[in-house]
Amino acid sequence: MNASTAGSGGQIVVAGAGYAGLHVALRLTAKLRNYPAVELTLVDRHDYHQVLTELPRVAGGTRAADAVRIPLQDMLATRVRFVQTEISGFDLAGGRLLTGTGPIGWDRLVLALGSRPNDFAIPGLAQRALSLYSASDAERVWAAASKALDDAATADGPERQRRLATVVVGGGGATGVELAGELAEVLPEVASRHGLAPDLPAVWLVEAGPTILAGSSPQLIDKATRMLSDLGVQVRTNAVIAAATEDGFRLTDGQLVEGGVFVWAGGVKAPELVADSGLPAGHNGRIKVDRYLRVLDHPEIYVAGDLASVTDPRTGHVLPPLAQVALEEGETVARNLDAEQAGRPLEAFTFHDKGFVVSVGTRRGVADIAGITSGGRLAHLLKDSIEWEYRQSVKHLRGWDPVAR
Ligand SMILES: Cc1cc2nc3c(=O)[nH]c(=O)nc-3n(C[C@H](O)[C@H](O)[C@H](O)COP(=O)(O)OP(=O)(O)OC[C@H]3O[C@@H](n4cnc5c(N)ncnc54)[C@H](O)[C@@H]3O)c2cc1C
């Protein structure tokens, strides 16, 4: 859709049905009723949307994996053509996505492919540690923790039992904290069911920086640290992992953190196929965009979600890879695609921070909302209600579509 065809039709292709891409598709569906000639295509490798913010619960065995996979057919209207396929590359000159089912041409492309775990090239990490970036990953973490306790029940000697029953989480960001808290609360009960002492399982949280939840307020960090300690989580800060070996995480000071299960939650980067695309990449491979969320020098391509490198002018920092950022960016991209159709000026993206909430275990949490820090049961309920509201908003957006099935 170049200037001559704007407003008269064209192919809009959204790559990725995660938080950002799904919201672009849902928001745009309703807006497109005025433009019957526009074709909207959503592409993803899965035929379901994954509610990633709920993965720590799946990894802790308190939620089924299928409960965080929402079938896309339940959400999309007939107006959206969904193609389930693996995207393998980009033909930028030809305006085509390269996929397992053949090329898909675009006039406007929205890139919303999310992130991949970043192992920072730490030797052995990719082979030795599990990651937590999909419902299947989360199932694997829970299966590994359960099996480790199973093995501990038949292992010889208390030392070997203790080692097997220890889960080591690398990375003390929100994902690491939520996972460690969840496991610390759940594993004692699982141990009892295996005839083991409930205090046998141990959870370690290993963080390279001076604090967990880096970038949060000191009050929030303090509350979260105390809650983890109450749950029995051993938090190690300033502990830089040099290598992952058969025996455990080897730190740069030579110490070995031993365990039976290792999970890496230490950061994310852009998917590899984006690195080879020729699009301008910033920190961690995220794509550089202008204030309207269009790729620099490629105004026909928008980027939203974790993949977009967006600097917040108020702080000078790149916005973090968070669901709430992805949703807001998705809304702006949908509005800008609509504006292009209508010949209106584009809208610059502004992030409206709604606050930060992290669960710590199955009952408590910490929150920083509008400069006020809270911790305890209420913060956990807040996290629950954000997740509930997200699921409702997805349903509402589908229901709102005037041409829904
Ligand atoms: C365990 C965990 C807990 C989190 N908790 C929170 C939280 O509490 N609060 C918060 O704000 N954020 C949280 N986040 C971060 C949040 O989930 C991400 O910021 C958000 O998912 C980014 O949205 P996105 O649309 O950019 O990417 P995603 O939601 O990851 O979507 C990307 C989509 O692209 C598809 N895709 C990727 N590559 C290809 C390909 N080659 N071919 C076809 N399809 C492809 C994927 O299948 C996926 O559907 C959490 C993340 C994790 C992993």
Side-chain angles (χ1 to χ4, degrees), residues 50-70 117 129-153 164-194 196-207 212-213 223-235 259-266 323 357-367 375-377 379-388 390-391:
Q50 301 190 75
V51 190
L52 298 184
T53 61
E54 298 180 23
L55 293 188
R57 298 176 195 229
V58 178
T62 56
R63 187 155 300 173
D66 276 346
V68 303
R69 296 181 180 118
I70 308 180
L130 298 166
S131 55
L132 188 58
Y133 218 85
S134 67
S136 303
D137 286 348
E139 270 182 314
R140 277 190 282 275
V141 171
W142 175 237
S146 307
K147 179 171 183 308
L149 290 182
D150 218 13
D151 293 346
L164 282 169
T166 299
V167 180
V168 185
V169 179
T175 299
V177 167
E178 291 201 346
L179 176 63
E182 200 83 17
L183 288 172
E185 200 155 331
V186 167
L187 292 183
E189 201 190 309
V190 182
S192 297
R193 287 207 298 269
H194 283 83
L196 296 164
D199 64 353
L200 180 72
V203 179
W204 283 77
L205 184 60
V206 179
E207 164 57 41
I212 57 166
L213 300 172
K223 281 185 194 294
T225 306
R226 275 190 279 123
M227 280 179 201
L228 286 171
S229 166
D230 290 350
L231 291 172
V233 176
Q234 319 264 350
V235 179
V261 179
F262 296 86
V263 187
W264 177 243
V357 191
V358 179
S359 65
V360 188
T362 59
R363 283 178 288 248
R364 295 196 292 165
V366 287
R377 179 85 188 122
H380 198 283
L381 285 174
L382 187 59
K383 174 99 200 203
D384 286 345
S385 66
I386 291 169
E387 287 169 358
W388 181 83
Y390 176 67
R391 287 169 178 268

**Q** Answer yes or no: is there an ion pair linking R391 with E54, defined by an N-O contact shorter than 4.0 Å?
**A**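 Yes, R391 and E54 are salt-bridged.
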**Q** Is it true that a side-chain atom of S131 and a backbone atom of P117 form a donor plus acceptor pair closer than 3.5 Å?
**A**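 No, because the side chain of S131 does not come within donor-acceptor range (under 3.5 Å) of the backbone of P117.
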**Q** Of all the heavy-atom pairs spanning A265 and T175, show the shortest one and how long it is.
**A**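 Distance-wise, the nearest heavy atoms are CB-CG2, 3.9 Å.
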**Q** Quick one, T62 with E182, criterion side chain to side chain donor-acceptor pair (under 3.5 Å). Give me CA distance, side-chain angles, the key distance, then yes/no.
**A** CA-CA 9 Å; T62 56; E182 200 83 17; 2.9 Å; yes
**Q** Which atoms form the tightest heavy-atom contact between P198 and A191, and what is the distance?
**A**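 Heavy atoms only, the tightest pair is CA-CB, 4.4 Å.
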**Q** Quick one: do W204 and V167 satisfy side-chain contact (heavy atoms from CB on, under 4.5 Å)? Show the steps, please.
**A** CA-CA 6 Å; W204 283 77; V167 180; over 6 Å; no
**Q** What's the separation between atom CG in L132 and atom CZ in R140, rounded to the nearest 0.5 Å?
**A**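 Atom-to-atom, L132:CG and R140:CZ are 10.5 Å apart.
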**Q** Please round to the nearest 0.5 Å and tell me the distance separating atom CG of L231 and atom CG of L187.
**A**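 Spacing of CG (L231) from CG (L187) equals 11.5 Å.
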**Q** Work out which heavy atom in A144 is nearest to a heavy atom in L130; give both atom names and the distance.
**A**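 Looks like CB-CD1, 3.7 Å.
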**Q** Return the CG to CD distance between D230 and E185, rounded to the nearest 0.5 Å.
**A**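 Output value for this atom pair is 10.5 Å.
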**Q** Return the set of residues passing side-chain hydrogen bond (donor to acceptor under 3.5 Å, both in side chains) with Y390 (not counting sequence neighbours), or none when no residue passes.
**A**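 Y390: side-chain hydrogen bond (donor to acceptor under 3.5 Å, both in side chains) contacts with H49.
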**Q** To the closest 0.5 Å, what do you measure between CG (L183) and OG1 (T166)?
**A**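 Output value for this atom pair is 12.0 Å.
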**Q** State, to 0.1 Å, how close V366 and M227 come at their nearest heavy-atom pair, and which atoms those are.
**A**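 V366 and M227 have their closest heavy atoms at CG1-CE, 3.9 Å.
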**Q** Nearest 0.5 Å, what's the CD-CD1 distance between E207 and I212?
**A**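 Taking CD in E207 and CD1 in I212, the distance rounds to 8.5 Å.
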**Q** Treating H380 as the side-chain partner and G361 as the backbone partner, does any N or O pair qualify as donor plus acceptor under 3.5 Å?
**A**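 A pair under 3.5 Å: yes.
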**Q** Report yes if the side chains of D137 and V141 come closer than 4.5 Å at any heavy-atom pair, otherwise no.
**A**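 Counting from C-beta outward, D137 and V141 never come under 4.5 Å.
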**Q** Salt-bridge test for D150 and K147: reply yes if a basic N is under 4.0 Å from a carboxylate O, no otherwise.
**A**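 No, no charged N to carboxylate O under 4.0 Å.
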**Q** Output, in order, the C-alpha distance, side-chain angles, deciding distance and verdict of side-chain contact (heavy atoms from CB on, under 4.5 Å) for V263 and V168.
**A** CA-CA 6 Å; V263 187; V168 185; over 6 Å; no
**Q** Hey, is R57 close enough to E387 for a salt bridge, meaning N to O under 4.0 Å?
**A**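 Counted as a salt bridge, because a side-chain N and a carboxylate O are separated by less than 4.0 Å.
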**Q** Would you confirm whether S146, through its side chain, and W142, through its main-chain N or O, come within 3.5 Å as a donor-acceptor pair?
**A**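 Looks like yes, one N/O pair under 3.5 Å.
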**Q** Determine the minimum heavy-atom distance between L55 and A138, stating which atoms define it.
**A**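 Answer, listing the atom of L55 first, then A138: O-CB, 3.7 Å.
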**Q** Roughly how far, to the nearest 0.5 Å, is CD1 of I386 from OG of S359?
**A**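 Spacing of OG (S359) from CD1 (I386) equals 10.5 Å.
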**Q** Show the nearest heavy-atom pair for residues R377 and R364, with the distance to one decimal.
**A**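 Reported closest heavy-atom pair: N-CG, 4.2 Å.
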**Q** Quick one, S136 with R69, criterion side chain to side chain donor-acceptor pair (under 3.5 Å). Give me CA distance, side-chain angles, the key distance, then yes/no.
**A** CA-CA 10 Å; S136 303; R69 296 181 180 118; 3.3 Å; yes
